[in-house]
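Below: the structure, in structure tokens.
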Amino acid sequence: MFEDFTFELLRLRYIKSAMDAIFSFRPDDKTPAQVGAMITSAEGPGNPRSNYQSAETAIQLARGEYDEDIVQAHELCVQVYPIMKSRFRADPGSLSAINSLPTGDQTGAATLTRIKATSTLWAQLPNPPGSANPFRAWDTMDRATFDTYITAIEGTVGPPAIVGTLAAKAAAESALQVAEGAIHTFVSGLADFTTNALIQGRAQYPEGTANREVIDAIPTAPSTQPPGQSIITNAASPSTGGAEFDYTALHGTSYDIYRQGPGQPAFVKVASDVIVKHYRATGLPPGAYDFKVIAHNSRGDGPPSAVTVVNVG
């Protein structure tokens with residue numbers, strides 16, 4: 001799913017670049033500004049991918065809390081059950097009912113059934129033989145305390161209302177389904193535009209023309225493997241304060257550029273996820289500058305290029 005999102009966003013950025021370069025290329029009558037807004041929507045705060053990632057994190061947390069409560073409920077039932085049997089050993093009727101309680105629970109639903117059945121029976125039990133007090137499994141474990149483990153899972157309607165981990169998990173699962181539907185709808189909309197933009201561009205510009213070469217450079221299918229190592233060529237300082245070079249990578253579709261200037265302790269990213277294959281910098285103070293490039297595609301990142309040094313005059 002994220003691979004499709006990344007690929008269609010990449011194609012959209014390629015189309016925006018083509019529209020910037022070709023004034024007459026206006027697929028679906030959109031302007032470069034409108035396509036730029038589409039890119040911002042796909043990348044900005046609250047975009048479908050980040051919403052899905054947030055929903056995925058929320059469901060993992062909700063499932064973890066629910067699973068934790070289920071484990072605690074199971075362990076409590078395992079503790080209480082033999083004590084209850086032992087305390088009512090001289091009461092055949094109660095002991096028969098205790099022996100009928102569900103055990104061997106292997107799922108969350110079965111554990112919830114077990115702990116609720118135990119609570120229901122507990123409420124109906126007489127005082128243990130020889131005792132003037134209601135049954136307690138141990139000094140701090142009476143039925144009210146036992147039932148708090150059920151409340152943690154099932155919650156209450158209030159007041160005050162308590163949201164149990166079962167309901168929280170269900171709500172998180174529903175939110176994830178909504179987020180998943182939203183990202184599929186968003187990707188489908190992007191794919192419809194990018195695919196038809198290519199159809200319109202290829203029909204508009206004949207083969208062999210410069211404009212057609214720009215259109216044909218836009219990828220039509222996701223990469224089948226991660227990019228190879230980037231290669232930097234034609235590095236030079238053509239003017240005072242300037243540095244430029246070309247770069248490419250097998251299966252690379254976008255690139256990050258890193259620079260380490262004189263006296264800098266580490267590389268700094270100076271260009272992110274660019275689709276052009278030429279870098280130019282101006283206004284650099286004199287000195288030796290190290291550059292490296294990392295290629296990306298829908299399958300991941302490639303290894304960094306070898307470091308190239310440009311002596312800026």
Side-chain angles (χ1 to χ4, degrees), residues 1-2 46 48-184:
M1 179 168 51
F2 285 166
R49 177 167 54 186
S50 65
N51 286 345
Y52 180 86
Q53 289 170 325
S54 296
E56 197 170 36
T57 299
I59 187 60
Q60 290 171 352
L61 291 172
R63 285 171 176 165
E65 291 174 357
Y66 169 76
D67 290 344
E68 182 179 349
D69 283 349
I70 287 295
V71 168
Q72 290 177 344
H74 171 77
E75 291 176 349
L76 182 62
C77 288
V78 169
Q79 288 178 285
V80 167
Y81 180 69
I83 296 173
M84 187 179 283
K85 288 180 62 174
S86 177
R87 292 292 305 279
F88 286 92
R89 65 188 182 278
D91 180 347
S94 296
L95 183 61
S96 176
I98 295 168
N99 285 331
S100 297
L101 286 171
T103 58
D105 44 311
Q106 299 295 318
T107 66
T111 294
L112 184 57
T113 297
R114 178 178 182 178
I115 192 172
K116 290 172 68 176
T118 302
S119 174
T120 299
L121 176 60
W122 195 328
Q124 300 171 2
L125 288 173
N127 294 344
S131 174
N133 299 312
F135 169 69
R136 287 173 176 259
W138 53 86
D139 184 54
T140 57
M141 184 53 65
D142 58 10
R143 179 172 175 257
T145 303
F146 184 85
D147 284 355
T148 62
Y149 288 76
I150 301 175
T151 299
I153 298 170
E154 286 200 316
T156 64
V157 295
I162 298 173
V163 178
T165 52
L166 178 61
K169 181 172 74 76
E173 288 170 343
S174 177
L176 183 64
Q177 290 174 352
V178 171
E180 186 173 5
I183 197 171
H184 280 305

- Query: To the nearest 0.5 Å, what is the distance between CD1 (Ile70) and CG (Leu166)?
  - Reply: 7.5 Å

- Message: Using 0.5 Å steps for rounding, measure from the OG atom of Ser94 to the CG atom of Leu121.
- Response: 7.5 Å

- For the residue pair Lys85 and Leu95, what are the closest heavy atoms and their distance? O-CD1, 3.7 Å

- Determine yes or no for a side-chain-to-main-chain donor-acceptor pair under 3.5 angstrom, with Ser54 supplying the side chain and Ser50 the backbone. yes

- Message: Measuring from atom OG1 of Thr57 to atom CG of Leu176, what distance do you get when rounded to the nearest 0.5 angstrom?
- Response: 10.0 Å

- Item | N/O donor-acceptor pair under 3.5 Å between Asn51 side chain and Gly46 backbone | yes

- Item | From Ile98 atom CD1 to Arg87 atom CZ, the distance as rounded to the nearest 0.5 Å | 10.5 Å

- Task: Considering non-hydrogen atoms only, spot the tightest contact between Asn127 and Ala132 and give its length.
- Result: ND2-O, 3.3 Å

- Query: Do Trp138 and Gln79 have side-chain heavy atoms sitting under 4.5 Å apart?
  - Reply: yes

- Query: If we only count heavy atoms from C-beta on, is the Leu76 to Gln72 side-chain gap below 4.5 Å?
  - Reply: no

- Partner set under side-chain contact (heavy atoms from CB on, under 4.5 Å) for Ala109, not counting sequence neighbours: Thr107

- Item | With sequence neighbours excluded, residues passing side-chain contact (heavy atoms from CB on, under 4.5 Å) with Gln177 | none

- Provide the closest heavy-atom pair for Ile59 versus Glu173 in the form atom of the first, atom of the second, distance. CD1-CG, 3.1 Å

- Message: Would you compute the distance between atom CD1 of Ile162 and atom CD1 of Ile153 and round it to the nearest 0.5 angstrom?
- Response: 13.0 Å

- Message: What I want to find out is whether Glu65 reaches Lys169 closely enough, with some N-O distance under 4.0 Å, to be called a salt bridge.
- Response: no

- Message: Less than 4.5 Å apart, side chain to side chain, heavy atoms only: is that true for Pro126 and Phe88?
- Response: yes

- Message: When you compare the side chain of Arg89 with that of Pro129, does any pair of heavy atoms fall below 4.5 Å?
- Response: no

- What are the two closest non-hydrogen atoms of Ala62 and Ala168, and how far apart are they? CB-O, 4.0 Å

- Message: Tell me every residue that passes ring pair (Phe, Tyr, Trp, His ring centres under 6.0 Å) with Phe146, counting only those two or more places apart in sequence or in another chain.
- Response: Trp122

- Task: First locate atom SG of Cys77, then atom OH of Tyr149, and finally report the distance between them rounded to the nearest 0.5 Å.
- Result: 10.5 Å

- Judged by atom type as modelled, is there a donor-acceptor pair below 3.5 Å linking the side chain of Thr120 to the main-chain atoms of Lys116? yes

- Task: Check whether any side-chain heavy atom of Arg143 lies under 4.5 Å from a side-chain heavy atom of Pro134, and answer yes or no.
- Result: no

- Item | salt_bridge(Asp67, Arg63) N-O dist < 4.0 Å | no

- Item | Polar side-chain atom of Thr118 near backbone of Arg114 as donor-acceptor pair, under 3.5 Å | yes

- Query: Side chains of Asp142 and Thr145: is there a donor and an acceptor less than 3.5 Å apart?
  - Reply: yes

